Number of protein chains: 2
Amino acid sequence: MTTDTHIRDLINRLARLDSAAGWEGDLNPTQRAMLGYLDRANRFSRSPSHVSDYLGITRGTTTQSLKSLRQKGYVNERRSDIDKRVVSYDLTQTGREAAAIPAPLEESLSALNASDQQALRQLLQNMLQDILAKNDGREFGLCKTCRHHRERDRGPYCALLDVALTRDEPHQICHEQVSA
Amino acid sequence: MTTDTHIRDLINRLARLDSAAGWEGDLNPTQRAMLGYLDRANRFSRSPSHVSDYLGITRGTTTQSLKSLRQKGYVNERRSDIDKRVVSYDLTQTGREAAAIPAPLEESLSALNASDQQALRQLLQNMLQDILAKNDGREFGLCKTCRHHRERDRGPYCALLDVALTRDEPHQICHEQVSA
DNA sequence: CACTATTAGTATCGAGTCGAAACTATTGCA
DNA sequence: TGCAATAGTTTCGACTCGATACTAATAGTG
């Protein structure tokens, strides 16, 4: 059906234009995407494996890209004390600044009215969930939308990992997130 | 605004998943995108420049990719007689077959009902037009939606190039297309 | 009609993406 | 304790991609 191809093309073209604009400075589109993910992911979701799952690439590739991001001073590596296999990445100050520059796609997005934005988000989200379900991929939704998220007296809390959360963590991406 | 980032992420993730699935056989995602474009573009729109404009990459890159597509037997090169600088690419039989395999994104798309599809297409199209307008990029719409397209007694006709069109050309992509 | 500017396309370079496959180190489990 | 699973890394080869410098053909101007 020609109709289908069309929407697919639109999505790919939009992403491509977003990418093309993403060559700003010494970052390429993939590096920018990683930076963006690390910026929005919580402390449980910042390992090479998580980045790989989110971007849909292999861990080998991710290792390479994270290495070049580290060499350019955008991220710091940190090994876990609990599980010595695990590595986690933090954005440096430079990294946070770079993650903050807006893309042309965002400007165009803010031109849409609120209800259109809502509709668009909903439709895209449904598609994404559908595809992820078929590929047993994870959703990487926001912590606060998860079935394990609780609001307690002393603040937010994760019932899956059994840990107290800081005030901003519910708004971050979690690799364990499962929609309620 | 977190809201904006979200939609942008959705679009990029969908495109990325589409890409990741696009490694089938001996084609990579970019090669697959080029093949798809060449398959849907009319005879006036199949040069390296047009591919570059459509994909938002430089001509140098496009030349390289077309070269590898040709070596693998997916496309044929043809120099124009009128303007000897111009080259045009045709899909081979193998190329047409490869362009026909559907992506997971398409299946997920057909799960949406017709009105949702229409709504989604419209919203994405508006965004695309908006972004293209800001970057003086071309729309690459279908011939039949163009202001130069005419329906004559002897069949479809292009008033811009002053040529008669075959029956299927109005349904193809044209680099000269300008929405009516 | 000659001269210059523009346009179409190509080659080369360096950095980096990407999957595949082979590998190390750690942890989990029976 | 010993083997399987997991997290991450390395290496390889093919390729993308922008930048830059290039050739050839056409267009436009005086």
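Bear in mind that the values here come from a model prediction, so they are computed numbers and not experimental data. Reminder, nothing fancy here: chain letters follow the sequence lines and each chain counts from 1.
- Comparing D:dT16, D:dG8, D:dT11 against the side chain of B:Ser68 picks out D:dT16 as the nearest.
- Applying the salt bridge (charged side-chain N to carboxylate O under 4.0 Å, His left out) test to pairs two or more places apart or on separate chains, none has a residue in residues 142-162 of chain B.
- For a distance-only test at 3.5 Å, the side chain of B:Arg59 qualifies as a donor-acceptor partner of the base of C:dG9.
- With D:dT10, C:dT7, D:dG18 as the choices, the nucleotide that has an atom nearest any side-chain atom of B:Thr61 turns out to be D:dG18.
- Checked against D:dC15, C:dT17, D:dT10, the side chain of A:Ser65 finds its nearest nucleotide in C:dT17.
- Considering only the side chain of B:Pro48, C:dT10 comes nearest among C:dT17, C:dT10, D:dA25.
- Nucleic acid contact for A:Thr58: base, since at least one base atom lies under 4.0 Å from a heavy atom of the residue.
- The CD-C1' distance, from A:Gln64 to C:dA21, rounds to 14 Å in whole Å.
- The distance from atom CH2 of B:Trp23 to atom C1' of C:dC18 is 5 Å, rounded to the nearest whole Å.
- Residues B:Gln93 and B:Glu97 bring a donor and an acceptor atom of their side chains to less than 3.5 Å of each other.
- If you measure from atom OH of A:Tyr74 to atom P of C:dG16, you get 11 Å, rounded to the nearest angstrom.
- Residue whose closest nucleotide on DNA chain D sits further toward the 5' end, between A:Leu66 and B:Gly60: A:Leu66.
- Relative to the side chain of A:Asn28, the nucleotides D:dG18, C:dT17, C:dT26 differ in distance, and C:dT17 lies closest.
- Listed nucleotides: D:dT26, C:dT10, C:dT12. Nearest to the side chain of B:Asp83: D:dT26.
- For A:Gln31, whose side chain is taken as the heavy atoms from C-beta onward, the closest listed nucleotide among C:dA11, C:dT17, D:dT9 is C:dT17.
- A side-chain N or O of A:Ser45 and one of A:Asn42 form a donor-acceptor pair less than 3.5 Å apart.
- Between C:dC18 and B:Arg16, a contact under 4.0 Å exists linking OP1 or OP2 to a side-chain N or O.
- Contact of B:Arg85 with D:dT26 (side chain to base): no donor-acceptor pair of N or O atoms is detected under 3.5 Å.
- Distance from the side chain of A:Thr30 is smallest to C:dT17 among C:dT17, D:dG18, D:dT16.
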